[in-house]
Structure formats: structure tokens, C-alpha cells
Amino acid sequence: MSNYDFKSIERKWQDRWEAEGLYRSKVDWAKPKHYALTMLPYPSGDFHIGHWYAMTPSDARARVMRMKGYNVLFPMGFDAFGLPAENAAVQRNVHPAKWTYENIERMRSQLRSMGAMFDWEREAVSCDPSYYQWTEWFFKKMYEHGIAYRDKAMVNWSETLQTVLANEQVIDGKDERTGQPVVQKLMEQWFFAITKYADELLEFEQLDWPEPIKTMQTNWIGRSEGAEVSFVTEHGDEIDVFTTRPDTLWGATFMVLAPEHPLVDSLTVEEHRQAVDDYRAIAAGRSELERMETEREKTGVFTGGYATNPVNQEQIPVWIADYVLLSYGTGAIMAVPAHDQRDFEFARQFGLEIVPVIHPSGAEAPSADAMEEAYVGPGRMINSGPIDGTETTEAKGRANPSIAATIDWLEQKDLGSEAINYRLRDWLISRQRYWGAPIPMVHRNDGGVEPVADDRLPVILPEDVEFEGRSPLATTPAFFETTDSHGRPARRETDTMDTFMCSSWYWFRYLSPHYGDGPFDPEEAAYWLPVDVYTGGAEHAVMHLLYARFFVKAMRDMGVFARAAELMKEHGREATGLFDEPFLVLRNQGQILGEERRGDRLVVSGRQQGNRVVATTVRVDEAAGPEGGMIVGELMRRTENLLQIKADTGLVTVEVPESASVEIPLVAGTNDVSQLRHHLDVERMSKSKGNTVNPDELVESYGADTVRTYLMFAFDWEKGGPWDSQGILGSYRFIQDVWKLGTARYESTADAETAAQASRALRRSVHRTVRKVDHDMVAFKWNTGIAALMKLRNTMNESLHAGMVSGEAWDEAVQTLLKLLAPIAPHVTEELWQGLGHAGSIHLESWPQWDPGLLVEETVTMVVQVNGKVRDRVDIPPDISEDDAIEAALAAERIQSWTEGKTVRKVIARPPKLVNIVVA
RNA sequence: GCGGGCGUAGCCGAAUUGGCAUAGGCGCCAGACUUAGGAUCUGGUGGAGCGAAAGCUCUGUGUGGGUUCGAGUCCCACCGCCCGCACCA
């Protein structure tokens, strides 16, 4: 038996698979297809353990599907446009393209070391002109169909990134990538009309997606039902408001506009102008972030203007306040202080009138003065003219009788209409950056815009440009000087597209990355589409995953799939519904967190100075007990030369001056403060915390097969959890054991009868394992699947040592174990498979099937309970009748003492598992 | 504040959907081999108690209650943690 040499085995098979094209995927209508997709990485330069965690289980599942007889497509590529490349250009004076392609090259080899079955001939790189020409093509198509449009709007501007961002990319007023604040700016930008698809995007019926993702998308789209009503100002201008509670219109005692609302100017009377202007200036200067922080106290100013409440002709004052957002609804509200908590607070703050219009069920009629908060519960309408007495419930929209009655009344009187409002805004896709796909548009001298002619596509990014932190496109005449369709001088659009645009269609490019007549080859599309299973991180819930769904729906409506659908039908495949959604099944992996680490135990001498101790000596001693005059405890945190030590008396801050001596026995040479290890909690991995795990090093120490196995074994995949550097040893031992089992020379020493019985037991284990692993691998439950394989390993170890089973049973066990493990640990199983004398690859073998007949046992153990507690166990045949089971239970030896002298009240039998005897 | 999820051993985690709680792994303990062990192999390992031992009894899934012959699983209340949304009109 040779030793398990993972290095040479893994290199050998990776080379051979590639040379033989083992993972090439070709259209074959005779076989069922399976398109497995995992989110494409950004080429940052290095894969971290999270990439392995996302990709290798997806690879394992794709491999299972292949062994199950599917023709599997499992491609890979790079989401290669983006800001880090430009930052590298500024900081290291290297062109973004060069930086990106060098990273890609390094990451390709890291991907190879995973041993994944990526079909490299289908690789797509989004920053390559052969790719982004189609990103441009999509933009132009969207423009022609009225989905892409240019508009002036308040947008999120990031000073740090020097670009605008989409709403989805701003979280709590901060850029989601860097956490830097954004400000609101009025700018003319390109948008995609994703809101046209809002209702369709709320449909998830045909999707097998995680509930939280569907919920997040639903919340993000934010559909609410209500009515739109116009209030008329003294100048005759209409202020449109959207409300979900039109039934409370009679209680609307004032209006509030967003400070940026266009009618503020004309509404404001002279004596209030200064206050209004001041307030607007403050609001404009606030970042979105600050605006949210000022949560509690309501602020605002009166414009001096009035508008007419259309239902009762009351003149009501119009205020401005920053709790009303221009970006939601119409940017103006009717305020109903009696029944809306925000309006209530505002009214109390500024002494505005409150008129209750709901009489709460089971309570006294409300008095405006006595109210302590807005009433939002059920009741009957009062003070509300035509709808007085109508019941109001907590239901939303027309399901609420009072709302339905009001909408009908409003529409009949032509005062308003039923309306649906969405929180979702159109997708802002312009970016004032260089490293992205150019927007293929031209600004004419006459102020109009037109798309670049087809024969002049793609617009290529100029290479010879300088990087200083802003996009060079706007300052490079060779790029922006162009002509329009009539040959007149014109200026090229210098903004590029959001990189989410590139990733909104990449899985189509994988189908035919070299195809020149369209974004994808319809022949390939007809066979492979749609994606059957998609895996990746949940952080893309309302960005990539929402954009991707929108993109496919827009593509469908623009006829991009027409030819593919035709071809599908020619091959007898029903195309209906297959081009409505990109990813039928979606699963999110969890996150691997950093490992908990104990800090060094320190013994410190020094003197107290103010609220800290200045150290003279610092010594690491894991065994140190309390010592007089010394500070002894675990190092919890270190910032430069300041240490936080958890001593018996509490946290102590210790300053370590240059002059102090630092002694770390385990670290040779002169020691200094930076070598001390501080405590780490379980938290997200990050370089700054020093708790990252480098997959390359793990592969170096244990081999890719072990790393893959461990990643799939140690966590519930959809949950993730803290890394455990000891735990990987268990997987390493498992792979080594498999190596030993696979290379063992087995000889049976038993007589025929013993062998038959032992073999039956082993085969039962084998076939049970097949059933378990088969189920778990398809269901993304790798941890329990591998646990089953480890259990089989244990059983086989026993069989090997006992030598009782027949040679045939042993061979079946070994081969089955290898096949079941092949998707998880592809190299070692391939090597062992070859060692067993097989000429072909184990990865071309078919997936094992279990024989139900072998699963049944001759006897099973039945639990006998008395009053619900297990008191004995009896061996019985699995097909025992209920009566026989009860008889066996009552006859069981140890049951007698528990039933003696008592009355059996009831017997519950669940043969062959359990009998419960109830006595009193 | 609203919505969703979770809580099982020293740790990561199982539990066929209401039927033997703790599979598998890590760690730990004991033993074997060894110059050595952070290698390998064998066995043990929720807690408490009884027993020379085989074993037996009690107890145990965040806390308290409920339904049930039977609850980690279902229901109610509470505590804690995580995630999403958050002045959304």
C-alpha cells in the first residue's frame, strides 16, 4: 500500500482531465440537460475561503447530477469591471486592464486547484470587448424599446467613489461596498425602467427560492395600495398625494411636502421665505445618513401657503419637513395626525389641529386633546361626511370597507382615483467611472441624443489614458469627440454602465462566449436554458438577483429569445414560461466566520500612571497564576502599543513604551508588541482582524480533496459558522481512511455461511448509505451526506479487520464508497478508481442506486415504553402485526416489573418501532 | 418599532417531520505503538446517583406553562442571539 500523496495525485488528475476535456459540455438533445450555475467572482486577486465554500459544494452537486445521467453545464467566468481596478491604477500606476487580467490569470489557477468541473471553453470575462460589446448591445436594445431613458433626478452621489449609485447599492445612507456616506444630488442620468416590471417581479410562484430572499425582494419593491388625491393651492397648482388611507381624508388637517418638492417655491409666502430657504439649505446639506439619524424629534417649517382639502373644502396649511421624502410616492403627503403616528408627533410639535375620524371599537369617542398617540386600529368612521358610520378594519387596500367606500366615492366625484405605489425606483445605471462598459450613446449638438450606429459598435474603452481618481473618459478628447448619424460633430457619452449590468446577463454569454451574431447562440440557448440551479451569497438579494430577473423579463419582451424558443419547439420542448425567470432554483450558502482565538496570557509589571499602566516588562506565560504586583490576564485587544488585558479585577489598559521588554517564549529572537496575539471573537473574517483563512495554504497542507470535504462537512451549508482549524483533521483522516480502504487487499477468511450473513449486513449499510447520500446531495445537505459516508467508512474498517464478508460484498462496498465520494473528493477517488483497474474515469460512472430489498432487516429492535418511558427493547420481525407487537411488548422481560399490580389502561402500538403501555 | 429565522454536549452539528435525544466530526480521557508525539491505532465520553461488575434509576434540547399515551419537534408567554427593513405616506 502506497502512501496517500495528495500533491502528485491532484496535480496529475487536474492536468489529465483538462487534456482529455473531461468536463467539456456539449449540446446533446438525446440527454436531459442540467444548467448549474454559481455566482461569478470579482477578480480581486485572491480567492478566500468563502469562494471555496460557495463553489465547491455547487461543483459537487453538478457532479452528482452528471453521474445521475444529466448533461451538465457548469461554467465559470469573471465579473471583471469595477472600481478596485481603477484604485489600483491610481495607487500603483498599473492600467486597470493589466491589473484585472493578471488577477484573472492567478485566480484561474486557484480555481483549477479546487478540482472543479468548470468548462473553461465557456469562460466569459465581462471586461473583454467581445463581452461588453453585447452589454452595449443590450443597452441600445433597451433604449430602442423605451426601457433605457435619460432623466434628471435626485440621485445618490458618493464623494469617495466619485460616482452616482443605484438605490440598491446604498444601505442606511452609505455605499454598500465601502460604507462611506452618499449625498443627494440633482443630476441627469441614464435609468432602466425596472418599475415597469414591479408587479411581475412580485410573482415568485414558479421559483424555488429561499423565503428570506423572496421577502426581501417583496419588501424592496414595496407595493402599497391606496389612492391618489389632488389638493389645490391658492395659486391653482395641484399637489398630488398618495395615501394608503384615503378613508382618513376628512382628518387631513395639514400637508407636508419634502423640502425639495418643486411647488415649495410658489407656495412660500414672503414672511416665511427666509425660514423655508434656511430649512431647505440644511436639509440639502444633510446626507441621507444624517437625515435618518435625526429620527426622534420632528423638524419642519410652515410655508405660509394653504391648499384645499378636496373632500371638505377646508383650507389647510402646507408645511415642509424632511420626514417626507421626495423619493417616495409623490414627495408630498396629506397629514392625518389623529391616525398616523408621524403626523401626530409633527402636529403636537407645532401645535397643529388634530381631528379624529375613527371611533375606536369598544371605546369612548376620542377627544383630540386627550390623545397620546395616533389611533390606527379598527372602528367606525366619524366626522367624515359621506362615509360616516362605515366600518374600518385593519385590512389594507380595498379589503378595508372604509377604504373601498372612499375610493368609490372619490372616483365618482372625480376627486381622486385608486392608485398603487411602489418603493422601487428605476435602476440608475450611469457611473462616472472609466472601468465599465461604455454607454453607446452620442449627444448631438442640437441637444438630442442618439445611439451609436450598429456598425460602429462596440464603443471601446481607450487604453492610453491617465488615472488620477476621476474617470479619464470625460477628459480624453480622442474618446469623446465623435460624430452623430449625420456626420456632424457630437460628444460621446462618457459615463459607463453599472457593473451590475454586466452580471445581469452573464449566464447567457457562457452558452457561447465566442458567438458573434448576438449575445448568445440560440441553438445553445434552446438546449441549456433556463438555469436549473443557482448558488451564491444572500447579500445579492435586492441587487444582482433583482436586476437579473428584470433583465430576463425585458429580454423576453424585446424578443431576444424568439429564435431560441422556436428551436426549443422544433426539438419538442415546450418553451412556455421558460424565459420568464433566469434561475429556477436558488440556494444561498451561509458565511464562514473567523475562528475564536484565545489571547496570549500576559504577565505585566509596571507602574500606574493616570488611568493606565505603563509597562516595564511584558511576558507571555500561558500557565501564569495571579502574582503580587503584577497584572496577569488574557490579552483582549491591542491598538498599536496599547494593550487591553482582562485581569481578575477587570479590564486594564497597559501602555508598552519602546523601553519595555517584551518576552514571548514561543517566538524566537527579539520580541515586540506586534507579535502578541489578542483575543478574537467569532466574527466575520477580515484582513484587518487577522482572522482570515487562506485556502491556498490549506490545500498545501491537506490537499484540495480534504478542504472540499471539510467545507461540506463542517457546517449546515445554508447557515455557515465559525471556522475550526482543528476540525479539518477529521476530514483529513477520513480521506486517508478512504485511501487505505481503496488500496487494501481484502481477503475473506470466513466460511460460506458466516460470509453470507456478514455480507448481508455490510451490503445493507452500503445501500442505506446510497439512499441517504443520494437524498442529501441533491438537497444541499452535504454535512449529513458526508456523515453517512464516514459512518460507512467505520463499518468498512470493521469489516476489513474482521475479514468475514465475501470478496464480492467488499468490492461492492469499496466501489460504492468511491462513487458516492467522487463528487466531493474528485481526485483521490479517481486515483483509487484507476488503482482498482478501471480504464475510464470514475466521473463518467453512473451514480449508485440502492436496492430497496437490501435495506430491510431480518429483525428490528422495537422500543417498549411504559407511560411514555423506554423500559425495554425487543427484537421483532419488521413486518410484525399490531397484535403480535403488543403481545411481544407485554411479554417483554423487564416490562413485567413495571406493569405488575397495575391496570393496563391503554396500549398504543406503532409497529415495528414502538409500543407504549399506559398503566395506572 | 415592523418582518423573518434560530436557541440541542466543552465546540461544529444530527434527529426519517409527534415515537430510542445527541448520528458524524472536533476536543477530551484511558490504553497500545514509539527515542519522541501536535503521527497512527483501540476503547470510552451529557449530567447526577446506586453497583464489585453486567447493569439499573433519576434527570436532561434557552425559561415557564399547555396539548398528547408520547414533545427537541405542535400551541401560548417570556428571555437571548442573528438577519432583513425602518419617518414608505
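Since we're looking at a predicted model, the values are computed, not measured. Naming convention: chains lettered A, B, ... in sequence-line order (proteins, then strands); numbering from 1 in each chain.
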- Task: With pairs defined as Watson-Crick or G-U wobble and both distances under 3.5 angstrom, please note down RNA chain B as a dot-bracket string, | for pairing with another strand.
- Result: (((((((..(((......[....)))((((((.......))))))(((((....)))))..(((((..]....))))))))))))....
- Taken in chain and number order and not counting sequence neighbours, the residues that satisfy side-chain hydrogen bond (donor to acceptor under 3.5 Å, both in side chains) with A/Q217 are A/R549
- Message: From CD of A/E539 over to P of B/rC82, roughly how many Å is that when rounded to an integer?
- Response: 19 Å
- Residues at least two apart in sequence or cross-chain that pass side-chain hydrogen bond (donor to acceptor under 3.5 Å, both in side chains) with A/S799, listed by chain then number, are none
- Proximity to the side chain of A/M790 - top-ranked nucleotide from B/rC88, B/rA14, B/rG24: B/rG24
- Donor-acceptor pair under 3.5 Å: do we get one between A/K298's side chain and the base of B/rC87? yes
- Query: Which part of the nucleic acid, if any, lies within reach of A/G785 when heavy atoms closer than 4.0 Å are counted: base, sugar-phosphate only, or nothing?
  - Reply: nothing
- Task: For A/E798, enumerate each residue passing the side-chain contact (heavy atoms from CB on, under 4.5 Å) test, keeping only those at least two apart in sequence or located in another chain.
- Result: none
- Task: Using a 90° cut-off around 0 for syn, call B/rU17 syn or anti.
- Result: syn
Name every donor-acceptor pair, under 3.5 Å, that has one atom in a side chain of residues 537-544 of chain A and the other anywhere in the protein, sequence neighbours excluded.
unit_1: A/H544; atom_1: ND1; unit_2: A/S503; atom_2: O; d: 3.4
unit_1: A/H544; atom_1: NE2; unit_2: A/Y534; atom_2: OH; d: 2.7

- Query: Reckon A/R793 touches a base, only the sugar-phosphate, or nothing at all at heavy-atom distances under 4.0 Å?
  - Reply: sugar-phosphate
Give me, pair by pair, the N or O atoms of the protein and of nucleotides 56-60 of chain B that are less than 3.5 Å apart, along with how far apart they are.
unit_1: B/rU57; atom_1: OP1; unit_2: A/R894; atom_2: NH2; d: 2.9
unit_1: B/rC58; atom_1: OP1; unit_2: A/R871; atom_2: NH2; d: 3.1
unit_1: B/rC58; atom_1: OP2; unit_2: A/R871; atom_2: NH1; d: 3.0
unit_1: B/rU59; atom_1: OP2; unit_2: A/K869; atom_2: NZ; d: 3.0

- A/E718 CD - B/rG4 P separation (whole Å): 19 Å
- Task: Nearest whole angstrom, please: distance from the C1' of B/rC88 to the CE of A/M216.
- Result: 19 Å
- Assign A/N794 to base, sugar-phosphate, or nothing according to its heavy-atom contacts below 4.0 angstrom with the strands shown. sugar-phosphate
- Query: Between B/rC87 atom C1' and A/I320 atom CD1, what is the distance in whole Å?
  - Reply: 16 Å
- Query: Does A/A395 offer a backbone N or O that forms a donor-acceptor pair with the side chain of A/N400 under 3.5 Å?
  - Reply: yes
- Message: Between C1' on B/rC26 and CZ on A/F713, what's the gap in Å once rounded to a whole number?
- Response: 9 Å
- Sequence-distant partners of A/R280, salt bridge (charged side-chain N to carboxylate O under 4.0 Å, His left out), two or more places apart: A/D265
- Note on the structure: Hits for side-chain hydrogen bond (donor to acceptor under 3.5 Å, both in side chains) against A/T330, two or more places apart or cross-chain, chain-then-number order -> none
- Message: Could you tell me how far apart A/L424 (CG) and B/rC85 (P) are, to the nearest whole angstrom?
- Response: 14 Å
- Task: Measure from the side-chain heavy atoms of A/K791 and tell me the nearest of B/rA23, B/rG13, B/rC41.
- Result: B/rA23
- Message: Of the listed nucleotides (B/rA86, B/rU40, B/rG24), which one gets closest to any side-chain atom of A/K740?
- Response: B/rU40
Review item, nucleotides 8-10 of chain B N/O atoms under 3.5 Å of protein N/O:
none

- Applying salt bridge (Lys or Arg N to Asp or Glu O under 4.0 Å), which residue pairs with at least one partner in residues 713-734 of chain A are found, sequence neighbours left out? none
- Query: Expressed as a whole number of Å, how far does the C1' atom of B/rA9 sit from that of B/rA23?
  - Reply: 13 Å
Might you list the N or O atoms of the protein lying below 3.5 Å from N or O atoms in nucleotides 15-19 of chain B, with each pair's distance?
unit_1: B/rU16; atom_1: N3; unit_2: A/K913; atom_2: NZ; d: 3.3
unit_1: B/rG19; atom_1: O6; unit_2: A/R910; atom_2: NE; d: 3.1
unit_1: B/rG19; atom_1: O6; unit_2: A/R910; atom_2: NH2; d: 3.2
unit_1: B/rG19; atom_1: N2; unit_2: A/Q865; atom_2: OE1; d: 3.3

- From B/rA39, B/rC88, B/rG24, pick the nucleotide closest to the side chain of A/R733? B/rA39
- Okay, side chain of A/T56, backbone of A/Y53: is any donor-acceptor separation there less than 3.5 Å? no
- Item | Sequence neighbours excluded - salt bridge (Lys or Arg N to Asp or Glu O under 4.0 Å) pairs with any residue from residues 209-226 of chain A | A/D199-A/R223, A/E211-A/K214, A/R223-A/E225
- Task: Figure out the CZ/C1' separation between A/R342 and B/rA89, and round it to whole Å.
- Result: 5 Å
- Message: Need one value for A/V863: base, sugar-phosphate or nothing, where a base atom within 4.0 Å counts as base even if backbone is also close, heavy atoms only.
- Response: base
- Task: Measure from OH on A/Y323 to C1' on B/rA89 and round the result to the nearest Å.
- Result: 8 Å
- Whether A/E373 side chain and A/E345 backbone form a donor-acceptor pair below 3.5 Å: no
- Query: NA contact type, A/D737, heavy-atom cut-off 4.0 Å: base, sugar-phosphate, or nothing?
  - Reply: sugar-phosphate
- Item | Under 3.5 Å donor-acceptor, A/D240 side chain and A/S230 backbone | no
- Item | A/W220 six-ring centre to A/R423 NZ/CZ under 6.0 Å and within 45° of normal | yes
